[in-house]
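Being a predicted model, the structure only gives us computed values, none of them experimental. All values below come from the heavy atoms of this structure, side chains included, with hydrogens, waters and symmetry mates left out.
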Amino acid sequence: MSESKETGVIPACYTVTTTADANHHTMVLGASGLGKSVLLQEVALKRGITYEELLQQMEPTEEQKAQQVARKEEKDRVENQRLKAVREAFWNNTSPDNSDFTQLHSVLAVSEIVKEPTDDQVKAFFMMLPAEIIGSALSWGFSDTVVREQTYEFVEENKQAILKALSAKSA
């Protein structure tokens, strides 16, 4: 098979073999292996431009890229603000002797972050936890096996940042 110069697509191959016993048919259909969209190749062909020129025309402008970045940053800011509000609401509306706080206290002590964490240190740690852990903890509690494992993994992966944040709370 040879590649077409116009579209860059390898055409389908169809063969028929006849023997005394039977007719054999072979059909090979497939992608060119170049990762090109047939639809986009057709659009480029209709416009009289190459596939690469079409891709270049489809690329966002620098202004559009900047707008995308700004939209993502705004979305992230809103999500972080909402997560902070959820954390604060949970903290402020949960009894200090709740088993969830006891579990967080234990995580800090067992991980040797702080031997005897204060309430402020436990809160600072809680406020650092990512959305995935907070969501699971709201659903299942910090004593749940999966949530507890996620919390310990977070501590191991972020030990230095946690130590820094908690040392500021003890000073």
Original post:
Can you name the residues that form a salt bridge (Lys or Arg N to Asp or Glu O under 4.0 Å) with Glu149, not counting sequence neighbours?
Top reply: none

**OP:** Tell me, please, which residues at least two apart from Asn158 pass side chain to side chain contact (heavy atoms under 4.5 Å, CB included).
**Re:** Phe154, Ile162

**OP:** Only pairs at least two apart or in different chains count here, so list each side chain to side chain donor-acceptor pair (under 3.5 Å) that has a residue in residues 128-144.
**Re:** none

**OP:** Could you tell me whether Glu112 atom CD has more than 12 heavy atoms of other residues or ligands within 6.0 Å of it?
**Re:** no

**OP:** Indicate, with yes or no, if Leu138 and Val146 share a hydrophobic cluster defined by side-chain heavy-atom contacts under 4.5 Å among Ile, Leu, Val, Met, Phe, Trp and Tyr.
**Re:** no

Original post:
Partners of Glu116 by side-chain hydrogen bond (donor to acceptor under 3.5 Å, both in side chains), sequence neighbours excluded?
Top reply: His105

Original post:
Of all residues at least two apart in sequence or in a different chain, which pass the side-chain hydrogen bond (donor to acceptor under 3.5 Å, both in side chains) check with Arg77?
Top reply: Glu74, Gln81

Original post:
Taking only residues two or more places apart in sequence or in another chain, which ones pass side chain to side chain contact (heavy atoms under 4.5 Å, CB included) with Arg82?
Top reply: Glu79

Original post:
Is a donor on one side and an acceptor on the other found under 3.5 Å between the side chain of Gln64 and the backbone of Thr61?
Top reply: yes

Original post:
Nearest heavy-atom pair of Tyr152 and Ser106: which atoms, and what distance?
Top reply: OH-O, 4.2 Å

Original post:
So how far is it from Gln150 CD to Glu157 CD, rounded to the nearest 0.5 Å?
Top reply: 10.5 Å

Original post:
Do Phe126 and Leu129 have side-chain heavy atoms sitting under 4.5 Å apart?
Top reply: yes

Subject >> Spacing of CD1 belonging to Ile133 relative to CZ belonging to Phe142, to within rounding of 0.5 Å >> reply: 7.5 Å

Subject >> side-chain hydrogen bond (donor to acceptor under 3.5 Å, both in side chains) partners for Glu59, two or more places apart >> reply: none

**OP:** Only pairs at least two apart or in different chains count here, so list each side chain to side chain donor-acceptor pair (under 3.5 Å) that has a residue in residues 83-101.
**Re:** Ser95-Asp97

Subject >> Test item: Lys159 side-chain N/O and Ser111 main-chain N/O as donor-acceptor pair under 3.5 Å >> reply: yes

**OP:** Indicate, with yes or no, if Val110 and Val114 share a hydrophobic cluster defined by side-chain heavy-atom contacts under 4.5 Å among Ile, Leu, Val, Met, Phe, Trp and Tyr.
**Re:** yes

Subject >> Set of residues satisfying side-chain hydrogen bond (donor to acceptor under 3.5 Å, both in side chains) with respect to Glu53, sequence neighbours excluded >> reply: Thr50

**OP:** Using a 4.5 Å cut-off on heavy atoms from C-beta on, say whether the side chain of Val147 contacts that of Thr151.
**Re:** yes

**OP:** Applying side chain to side chain contact (heavy atoms under 4.5 Å, CB included), name anything that partners Gln56, two or more places apart in sequence or on another chain.
**Re:** none

Original post:
Is Val78 reachable from Leu83 through a run of I, L, V, M, F, W or Y residues, each pair having side-chain heavy atoms under 4.5 Å apart?
Top reply: no

**OP:** May I ask you to test the Phe125-Ile113 pair for a side-chain heavy-atom distance under 4.5 Å?
**Re:** no

Original post:
For Leu166, does its backbone N or O pair with a side-chain atom of Gln121 as donor and acceptor, under 3.5 Å?
Top reply: yes

Subject >> Sequence-distant partners of Lys72, salt bridge (Lys or Arg N to Asp or Glu O under 4.0 Å), two or more places apart >> reply: Asp76

**OP:** Give a yes or no on whether Gln57 atom CD has more than 12 heavy-atom contacts from other residues, nucleotides or ligands under 6.0 Å away.
**Re:** yes

**OP:** Give, for atom CD of Gln68 and atom CD of Glu73, the distance between the pair rounded to the nearest 0.5 Å.
**Re:** 12.0 Å

Subject >> Residue pair Leu163 / Ser167, side-chain heavy-atom distance below 4.5 Å >> reply: no

**OP:** Please identify each residue that fulfils side chain to side chain contact (heavy atoms under 4.5 Å, CB included) with Leu55, with sequence neighbours left out.
**Re:** Leu40, Tyr51

